[in-house]
Chemist: 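Structure below; questions to follow.
So that the names make sense, note that chain A is the first sequence line, chain B the second, and so on, each numbered from 1.
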Number of protein chains: 2
Amino acid sequence: MKYNKNRKNREKLAISQIQSAGMRLTPQRLALAKRLFSGPDRHITAEELHSELKYADVRISLATVYNTLNRFTNAGLLREFFVDSNQSYFDTNTEPHHHFFYEELGKFVDVPINNLNIEFLTSPPKGTQVDSVEVFIKLSKVDSSNKK
Amino acid sequence: MKYNKNRKNREKLAISQIQSAGMRLTPQRLALAKRLFSGPDRHITAEELHSELKYADVRISLATVYNTLNRFTNAGLLREFFVDSNQSYFDTNTEPHHHFFYEELGKFVDVPINNLNIEFLTSPPKGTQVDSVEVFIKLSKVDSSNKK
DNA sequence: AAATTGTTTAGAATCATTCTAAATGTATTG
DNA sequence: CAATACATTTAGAATGATTCTAAACAATTT
């Protein structure tokens with residue numbers, strides 16, 4: 001019962017996200033939206049999503065994954081971010097927040113905005129306004145041999 | 001006189017940087033190192049450097065530019081950073097610092113580390129240590145029509 | 001200066017991403 | 001609900017940044 005209701009709700013959410021982007025509802029978009037928007041926040045690449053869908057027997061071309069991710073991003077449903085030169089990551093959390101990056105795992109974890117206090121000690125250059133502040137914190141396992 | 005001395009000093013600095021990376025001194029590397037290390041700090045791509053050198057009639061292949069930038073980076077003489085998915089930027093300033101990005105110009109400007117105070121309100125995850133903190137601040141021209 | 005080792009190069013290879021144009025699906029209208 | 005218009009998907013080609021390859025060349029060592 002509860003299970004089915006959640007399933008339904010997740011689908012509803014996915015559908016409303018697609019429509020809020022002014023996009024037609026298609027099976028491919030629904031499959032993507034369900035994986036992106038109904039569940040915990042994710043940091044994922046187009047290729048990762050594509051192989052996830054393939055594994056789940058959803059027929060979708062890589063071009064459509066790229067296409068859809070870009071349109072979701074333009075509609076403000078995703079945020080694109082860059083950590084290495086050869087692929088784009090998409091973040092399902094579009095609220096202002098920052099990132100921990102676990103170097104050994106190559107994985108990202110959100111840092112809620114209120115876990116970090118960023119204070120400008122001098123004001124930004126004349127004639128400019130701050131549009132966004134992105135903080136990227138690299139973490140590694142504590143090195144216990146690191147006795148100074 | 002003074003001009004020639006500066007020229008010499010710049011060359012000396014470039015040479016010592018190459019040698020500090022354990023690399024042989026070659027004309028190509030010297031040309032690159034002079035442009036990278038003797039002058040104001042830069043944020044530049046391999047292609048940009050390559051065409052700059054071409055313009056200055058320095059014969060060097062793009063492969064060598066990439067090669068050299070990567071080796072300088074591994075030696076800690078440069079820092080690589082990522083802002084869009086299709087090219088790598090190299091920063092000649094390897095001191096800890098942050099970046100302003102001028103959206104209209106597509107250009108970067110350093111934010112000295114002591115212009116920004118970053119306070120962790122909760123500690124990083126158990127068992128991890130913070131290796132680096134990178135802040136990226138997007139700026140745009142003030143929009144005077146922005147009356148709320 | 002011969003031999004060893006490192007560097008540069010042109011061009012090919014790679015890989016993420018975008019483009020193209022044809023086929024298919026969805027919506028709209030009478 | 002058929003006909004038309006319009007949007008989407010797709011396979012495969014194209015693109016563009018970067019890396020690889022292997023041959024020519026330069027620097028260093030003996």
Chemist: Regarding B:Ser140 and A:Gln129, do their side chains bring together a donor and an acceptor under 3.5 Å, going by distance alone?
Modeler: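 Yes, because at least one side-chain N or O of B:Ser140 sits under 3.5 Å from a partner of the opposite role on A:Gln129.
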Chemist: Taking only the side-chain heavy atoms of B:Glu47 (C-beta and beyond), determine which of D:dT18, C:dT17, D:dT8 contains the nearest atom.
Modeler: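 Output: D:dT18.
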Chemist: Within the pair A:Asn70 and C:dT18, is there a side-chain N or O less than 4.0 Å away from OP1 or OP2?
Modeler: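 For C:dT18, OP1 or OP2 has a side-chain N or O of A:Asn70 closer than 4.0 Å.
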Chemist: If you only use heavy atoms from C-beta on, which nucleotide in C:dT8, D:dT10, C:dT18 is closest to the side chain of A:Ile60?
Modeler: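 Minimum distance to the A:Ile60 side chain belongs to D:dT10.
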Chemist: It should be established whether A:Gln28 places a side-chain nitrogen or oxygen under 4.0 Å from OP1 or OP2 of nucleotide C:dG25.
Modeler: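 So the side-chain polar atoms of A:Gln28 never come under 4.0 Å of the phosphate oxygens OP1 or OP2 of C:dG25.
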Chemist: Strictly below 4.0 Å, N to O, side chains only: are A:Arg42 and A:Glu48 in salt-bridge contact?
Modeler: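 Between A:Glu48 and A:Arg42 there is no salt bridge, as every charged N stays at least 4.0 Å from the carboxylate O atoms.
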Chemist: Is there a donor in the side chain of B:His43 and an acceptor in the side chain of B:Asp110, or the other way round, less than 3.5 Å apart?
Modeler: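 Yes, because at least one side-chain N or O of B:His43 sits under 3.5 Å from a partner of the opposite role on B:Asp110.
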Chemist: Classify the nucleic acid contact of A:Thr64 as base, sugar-phosphate or nothing, counting any heavy atom under 4.0 Å across all strands shown.
Modeler: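 The residue A:Thr64 makes base contact.
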Chemist: In this structure, how many angstroms lie between the P atom of C:dT24 and the CZ atom of A:Arg59, rounded?
Modeler: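 The distance from CZ of A:Arg59 to P of C:dT24 comes to 11 Å, rounded to the nearest Å.
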Chemist: With the side chain of A:Gln87 defined as its heavy atoms from C-beta on, choose the nearest nucleotide among D:dT9, C:dT9, C:dA16.
Modeler: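 In terms of side-chain proximity for A:Gln87, the closest of D:dT9, C:dT9, C:dA16 is C:dA16.
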Chemist: Taking only the side-chain heavy atoms of B:Arg29 (C-beta and beyond), determine which of C:dT8, D:dT9, D:dA17 contains the nearest atom.
Modeler: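 Of all the options, the side chain of B:Arg29 is nearest to C:dT8.
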Chemist: For C:dA16, does OP1 or OP2 lie under 4.0 Å from any side-chain N or O of A:Ser88?
Modeler: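 Indeed not, no polar side-chain atom of A:Ser88 lies that close.
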Chemist: Given the structure, check if the side chain of A:Arg24 and the base of C:dT26 hold any donor-acceptor pair shorter than 3.5 Å.
Modeler: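 Donor-acceptor pair under 3.5 Å: yes.
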Chemist: Determine: side-chain N/O of A:Thr26 to OP1/OP2 of D:dT9, distance under 4.0 Å, yes or no.
Modeler: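 For A:Thr26, the contact criterion (side-chain N or O under 4.0 Å from OP1 or OP2 of D:dT9) is met.
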Chemist: From the list D:dT9, C:dT8, D:dT18, which nucleotide is the closest neighbour of the side chain of A:Thr68?
Modeler: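 Among the listed nucleotides, the one closest to the side chain of A:Thr68 is D:dT9.
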Chemist: Assess whether salt bridge (charged side-chain N to carboxylate O under 4.0 Å, His left out) is satisfied between B:Lys34 and B:Glu11, documenting all intermediate values.
Modeler: CA-CA 6 Å; B:Lys34 271 157 75 177; B:Glu11 182 137 340; 3.4 Å; yes
Chemist: Measure from the side chain of B:Arg71, starting at C-beta and using heavy atoms only, and say which of D:dT19, D:dT10, C:dT7 lies closest.
Modeler: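 So the nucleotide nearest the side chain must be C:dT7.
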Chemist: Could you check which of D:dA11, C:dT7, D:dA17 has an atom nearest any side-chain atom of A:Ala63?
Modeler: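 Between D:dA11, C:dT7, D:dA17, the one nearest the side chain of A:Ala63 would be D:dA11.
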Chemist: From D:dT19, C:dT7, C:dT8, pick the nucleotide closest to the side chain of B:Met23?
Modeler: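 Selected nucleotide (nearest to the side chain): C:dT7.
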